[in-house]
Amino acid sequence: MAKKPLNFIEQKIEADLASGKNNGRILTRFPPEPNGYLHIGHAKAICVSFGLASKYGGITNLRFDDTNPEKESVEYVDAIRRDVSWLGFEWKGGEYYTSDYFGQLYAFAQQLIAQGQAYIDDQSPEEMAAQKGAPGVSGTASPFRDRSIEENQRLFEEMKEGKHAEGTCVLRARIDMAHDNMLLRDPVIYRIKFIEHHRTGSEWVIYPMYDFAHGQSDSMEGITHSLCSLEFENHRPLYNWFIEALGIFPSEQTEFARLNLNYTIMSKRKLLRLVEENAVDGWDDPRMPTISGLRRRGYTPEAIREFAERVGVAKRNNTIDVGLLEWALRDDLNRRAPRAMAVLNPIKLIVLNVAEGEVEWLQTDNNPEDPEAGSRELPFGRELWMEAEDFRVDVNKKWFRLAPGRTVRLKSAYIVEYVNHKEDENGQVTEVHVNRVANSKSGEDTSGVKAKGTLHWVATSHAVEAEVRLYDRLFLSEDPEGGEDANFMNNLNPESLQVLSGCQLEPSLGEAPVGTVYQFTRLGYFTVDSKYSKPENLVFNRAVTLKDGWKG
RNA sequence: UCCCCGAUGGUGUAAUGGUAACACACCGGUUUUUGGUGCCGUUAUUCCAGGUUCGAGUCCUGGUCGGGGAACCA
């Protein structure tokens with residue numbers, strides 16, 4: 001048995017386990033800021049943090065990193081909880097909020113002040129920026145850097161009590177104004193904001209910055225492996241500095257490359273703009289890369305997890321082909337999705353030698369890939385719907401479908417041969433007339449007639465009408481965020497949504513429940529739209545097409 | 001200009017000093033009552049230059065290219 005290769009984080013965890021670090025305890029966390037909806041990039045991070053913990057017998061905390069009340073809300077908290085849990089993960093370590101630690105974080109700040117490692121700076125952001133220096137050029141000290149501990153204690157207390165106006169002063173860590181890493185040049189760790197927090201209300205008017213909250217939160221929870229994306233590499237020295245200065249449990253941060261997908265944007269800010277400017281139908285628009293959008297589109301948690309697995313974990317920047325995501329969905333659904341017949345662009349197919357009014361119920365497999373899936377019955381009769389593109393007048397030898405002189409099999413029914421067809425005044429074919437070949441019934445065919453093509457069909461007498469929405473990629477270019485803060489809004493694919501009405505479905509689809517994804521034979525995978533579908537007005541979304549090997 | 005990180009087929013990911021492999025994509029064949037699926041096969045890879053070594057994708061030195069880094073954002 002070949003051992004599956006380990007990624008670099010797994011190797012590190014195994015080394016930690018081998019050395020007895022933390023007594024073999026593994027605790028990770030997933031720490032989203034509740035300021036937007038989770039997307040496929042987060043899905044990878046979720047799979048990594050939850051997946052690794054569970055692989056090594058550990059558990060995971062869900063922590064809402066809510067230190068900036070300006071952009072956060074309970075709507076986002078709820079959506080995040082729903083999405084993580086839909087993906088199939090449980091936060092067995094518990095659910096936490098950084099805001100629950102505001103008291104402790106305040107005490108940590110007091111400790112730093114008492115140790116002479118933090119001070120109140122009364123300067124403007126501009127003044128402070130000017131003193132930062134530049135890469136390669138060391139900064140200069142703030143005139144307030146050497147305030148007495150007592151004065152700092154008094155001022156910090158006053159900040160907390162709301163005695164200072166927003167923007168008039170901040171608390172800074174006292175580290176090194178000449179450090180090579182700009183983040184260690186006395187970073188701001190507390191600022192004043194007279195803003196209601198979605199959880200703490202108006203209890204606090206000072207809020208810790210990310211760098212002063214994250215590591216300590218990890219530490220307080222006893223997180224052993226704090227996994228995050230590459231952009232936080234520069235923050236690790238600060239993360240460690242605070243832990244050391246405070247003398248608290250040393251959680252350890254490890255960074256890995258975040259997911260990038262071509263033809264997709266992943267920035268929450270930009271996704272928010274799509275929503276706000278109504279370029280899409282909300283965060284859960286089926287074209288959005290959000291978890292909720294993918295769910296509404298027909299993606300399964302299994303497919304997303306498999307995708308995350310295939311993408312791997314490493315430190316180099318990457319751009320994954322969206323095709324891999326689609327492959328993961330097809331791979332999952334091919335095995336599991338019940339098959340159904342649906343005609344999206346219907347024209348009539350009349351079987352001349354079948355009596356009018358005659359209805360025959362034919363048996364068909366629910367899923368040829370899965371014998372356990374059983375079978376169902378399809379009504380067959382003289383008048384059927386067929387796909388307009390399955391008939392052509394002028395064809396070559398590579399055409400397997402219906403055409404003058406051609407013979408095809410109707411899936412799970414009979415072989416039929418062309419007789420004639422009708423066109424309207426524009427030359428559009430409206431009806432195709434065929435004859436059924438004797439003794440050609442599916443499963444008991446003794447006719448000896450061979451048909452190259454197999455078509456899907458629906459009996460007009462029992463058909464259920466529906467609207468079907470076809471989706472294509474939201475953006476035209478492979479890299480919509482392209483280099484600069486590009487004009488991704490000008491890069492939208494005008495044909496990303498195509499709405500088809502009057503589609504004709506087999507009767508069983510009339511009761512299709514939300515959440516079940518079907519394979520429409522020969523077309524792709526479709527699911528009931530959870531937002532707009534009504535029993536009297538069915539709406540289906542296409543999740544992904546079938547792979548099309550025909551290069552006619 | 002300074003600091004940090006990275007570089008392996010088209011795209012990702014492995015190989016932990018010893019035959020460069022796996023997946024997806026592509027192309028071809030085969031099977032098939034879905035032009036789907038399955039099965040078989042082809043194509044194609046170590047950024048550059050030195051060095052260490054019996055042996056380097058891997059270690060060392062230098063370079064090149066790419067990413068990140070200055071917020072009272074996370």
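Hydrogens, waters and symmetry mates are skipped; everything else that's a heavy atom, side chains included, is used. None of these values were measured; they are calculated from a predicted model. Just so it is clear: chains get the letters A, B, ... in the order the sequence lines come, proteins before strands, and each one is counted from 1.
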Give [X] one of three labels, base, sugar-phosphate or nothing, depending on what nucleic acid heavy atoms sit under 4.0 Å from its own.
X      : value
A:Q123 : base
A:E166 : nothing
A:V311 : sugar-phosphate
A:V137 : nothing
A:A129 : nothing
A:L324 : sugar-phosphate
A:M209 : sugar-phosphate
A:G524 : nothing
A:N181 : nothing
A:G323 : nothing
A:R339 : base
A:K452 : nothing
A:G453 : nothing
A:F232 : base

Out of [options], which nucleotide sits closest to the side chain of [X]?
X      : options             : answer
A:V188 : B:U33, B:C72, B:A74 : B:C72
A:L183 : B:A71, B:A14, B:G35 : B:A71
A:P135 : B:A70, B:U34, B:G36 : B:A70
A:D548 : B:U33, B:G35, B:C72 : B:G35
A:P368 : B:U34, B:G69, B:C73 : B:U34
A:T454 : B:U34, B:A23, B:G69 : B:U34
A:K71  : B:A14, B:C72, B:C73 : B:C73
A:N234 : B:G36, B:C4, B:U33  : B:C4
A:N7   : B:C5, B:A14, B:A71  : B:A14
A:R409 : B:U33, B:C5, B:G35  : B:U33

For A:R522 and A:T454, indicate whether the former's side chain and the latter's backbone hold a donor-acceptor pair under 3.5 Å. yes

Between A:S442 and A:A257, which has a closest nucleotide on RNA chain B that is more 5'? A:A257

Reading RNA chain B from 5' onward, which residue's closest nucleotide shows up sooner: A:L523 or A:D211? A:L523

Given the ring of A:W241, does A:R236 sit roughly above its face, with NZ or CZ under 6.0 Å from the centre of the six-membered ring and within 45° of the axis? no

Would you say [X] reaches [N]'s phosphate, i.e. side-chain N/O to OP1/OP2 under 4.0 Å?
X      : N     : result
A:R269 : B:A74 : no
A:T67  : B:A74 : yes
A:R236 : B:C4  : no
A:K268 : B:C73 : no
A:K315 : B:G66 : no
A:R330 : B:G38 : no

Taking atom P in both B:A25 and B:C39, compute the distance separating them and give it to the nearest angstrom. 13 Å

In whole Å, what separates the C1' atom of B:A71 from that of B:U1? 22 Å

Measure across A:K160 and A:V205 and return the closest heavy-atom pair with its distance rounded to 0.1 Å. O-CG2, 3.6 Å

Describe, in one word, how the ring planes of A:H197 and A:Y207 are oriented to each other, choosing from parallel (under 30°), tilted (30 to 60°) and perpendicular (over 60°). parallel

Spacing of CZ belonging to A:R172 relative to CD1 belonging to A:I189, to within rounding of 0.5 Å: 10.5 Å

Any N or O donor-acceptor pair under 3.5 Å from the base of [N] to the side chain of [X]?
X      : N     : answer
A:H235 : B:A74 : yes
A:N317 : B:G6  : no
A:E369 : B:G36 : yes
A:T319 : B:U11 : no

Aromatic centroids of [Y] and [X] separated by under 6.0 Å:
X      : Y      : answer
A:W327 : A:F307 : no
A:F156 : A:Y106 : yes
A:F232 : A:Y210 : yes

For RNA chain B, the dot-bracket pattern of Watson-Crick and G-U pairs whose distances stay under 3.5 Å, | for other-strand partners: .((((((..((((....[..))))..((((.......)))).....(((((..]....))))))))))).....

NZ of A:K55: more than 12 outside heavy atoms within 6.0 angstrom? yes

Look at A:D370 together with A:R336 and state whether they make a salt bridge at an N to O cut-off of under 4.0 Å. no

